[in-house]
Visitor: 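Mind having a look at this structure? Questions to follow.
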Amino acid sequence: MDLSGRWEFSFDRDLNGQLVPTTLAHEVIFIMLDEHNFVGRLVFPPDDPSRFTGRLTTTSQGTLFSLYQVNEQSGYQALYIGKLEPSSAADARVAGIFSDLAGPDGDFRLKRIR
């Protein structure tokens, strides 16, 4: 699946499978490098220089999504692991969990912006 494009990126630190309704969304742009690998950067907030590298792994049972975030200025790092939810490419969504060194683990969601 081609993940290239803009995505709404939401996360919280309540590891319970749901996002808090008041979660503030960020915006990230991904570019596929090949069938499995992609890179990205934050578009909003514009002052966050974080860079992302990711990989899709697909089998007959579905597609796993892994994403590594690093902000070289602050030293922040995070690892996101999720599942690509079955849908059309235009309505693509990813849901999963993340871990970082800044606080407790949490949930994240990505939703393609049309």
Side-chain angles (χ1 to χ4, degrees):
M1 170 172 233
D2 185 2
L3 298 181
S4 295
R6 290 180 180 252
W7 292 76
E8 181 181 280
F9 178 43
S10 303
F11 59 91
D12 68 23
R13 293 197 179 272
D14 294 328
L15 187 55
N16 61 4
Q18 301 176 20
L19 291 181
V20 175
T22 57
T23 301
L24 183 61
H26 293 64
E27 189 175 327
V28 65
I29 188 166
F30 292 133
I31 298 170
M32 295 297 296
L33 301 175
D34 58 35
E35 184 180 352
H36 302 285
N37 299 290
F38 60 96
V39 294
R41 66 175 176 80
L42 285 170
V43 177
F44 179 81
D47 58 342
D48 187 330
S50 289
R51 298 290 180 189
F52 298 84
T53 55
R55 179 162 178 81
L56 295 176
T57 307
T58 303
T59 69
S60 60
Q61 295 182 343
T63 301
L64 286 179
F65 170 98
S66 61
L67 184 67
Y68 175 66
Q69 176 184 3
V70 64
N71 179 325
E72 291 183 10
Q73 288 180 354
S74 68
Y76 177 81
Q77 297 180 65
L79 181 61
Y80 304 84
I81 300 173
K83 297 177 187 174
L84 199 61
E85 297 176 352
S87 64
S88 69
D91 294 324
R93 294 174 185 261
V94 178
I97 61 173
F98 76 94
S99 184
D100 65 10
L101 299 176
D105 298 343
D107 300 303
F108 81 95
R109 299 288 182 276
L110 286 162
K111 182 172 110 177
R112 188 183 296 273
I113 298 173
R114 296 183 191 186

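No hydrogens, no waters, no symmetry mates; every other heavy atom, side chains included, goes into these values. Positions are given from 1, in the same order as the sequence printed here.
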Visitor: Decide side chain to side chain contact (heavy atoms under 4.5 Å, CB included) for Phe30 and Leu110; before the verdict, give the C-alpha distance in whole Å, the side-chain angles of both, and the deciding distance to 0.1 Å.
Guide: CA-CA 11 Å; Phe30 292 133; Leu110 286 162; 4.0 Å; yes
Visitor: Does the ring centre of Phe11 sit less than 6.0 Å away from the ring centre of Phe108?
Guide: no
Visitor: Output every pair passing salt bridge (charged side-chain N to carboxylate O under 4.0 Å, His left out) with a member in residues 16-25, not counting sequence neighbours, ordered by first then second residue.
Guide: none
Visitor: By side chain to side chain donor-acceptor pair (under 3.5 Å), which residues pair with Glu27, not counting sequence neighbours?
Guide: Arg6
Visitor: How does the hydrophobic cluster around Val43 look, that is, which other residues are in it when side-chain heavy atoms under 4.5 Å mark a link?
Guide: Ile29
Visitor: Holding to side chain to side chain donor-acceptor pair (under 3.5 Å), I want the full list of residues that pass it with Thr57, two or more places apart in sequence or in another chain.
Guide: none
Visitor: Just jot down the side chain to side chain donor-acceptor pair (under 3.5 Å) partners of Ser66, sequence neighbours excluded, or say none.
Guide: none
Visitor: Using the test side chain to side chain donor-acceptor pair (under 3.5 Å), find all partners of Ser10 that sit at least two apart in sequence or belong to another chain.
Guide: none
Visitor: Would you list the atom pairs, donor with acceptor, under 3.5 Å between side chains in residues 48-56 and any protein atom, with sequence neighbours excluded?
Guide:
unit_1	atom_1	unit_2	atom_2	d
Asp48	OD1	Ser50	N	2.9
Asp48	OD1	Ser50	OG	2.7
Asp48	OD1	Asn71	ND2	3.3
Ser50	OG	Gln69	NE2	3.0
Arg55	NH1	Asn37	OD1	3.2

Visitor: Where do Met32 and Phe38 come nearest, in terms of heavy atoms and distance?
Guide: SD-CB, 3.6 Å
Visitor: Could you tabulate the donor-acceptor pairs under 3.5 Å formed by side-chain atoms of residues 14-22, not counting sequence neighbours?
Guide:
unit_1	atom_1	unit_2	atom_2	d
Asn16	OD1	Gln18	N	3.0

Visitor: Can you list the other members of the hydrophobic cluster that holds Leu33, where links are side-chain heavy atoms under 4.5 angstrom apart?
Guide: Ile31, Val39
Visitor: With sequence neighbours left out, what residues match Asp100 under salt bridge (Lys or Arg N to Asp or Glu O under 4.0 Å)?
Guide: Arg13
Visitor: Could you pull out all residues at least two apart from Glu8 that satisfy salt bridge (Lys or Arg N to Asp or Glu O under 4.0 Å)?
Guide: none
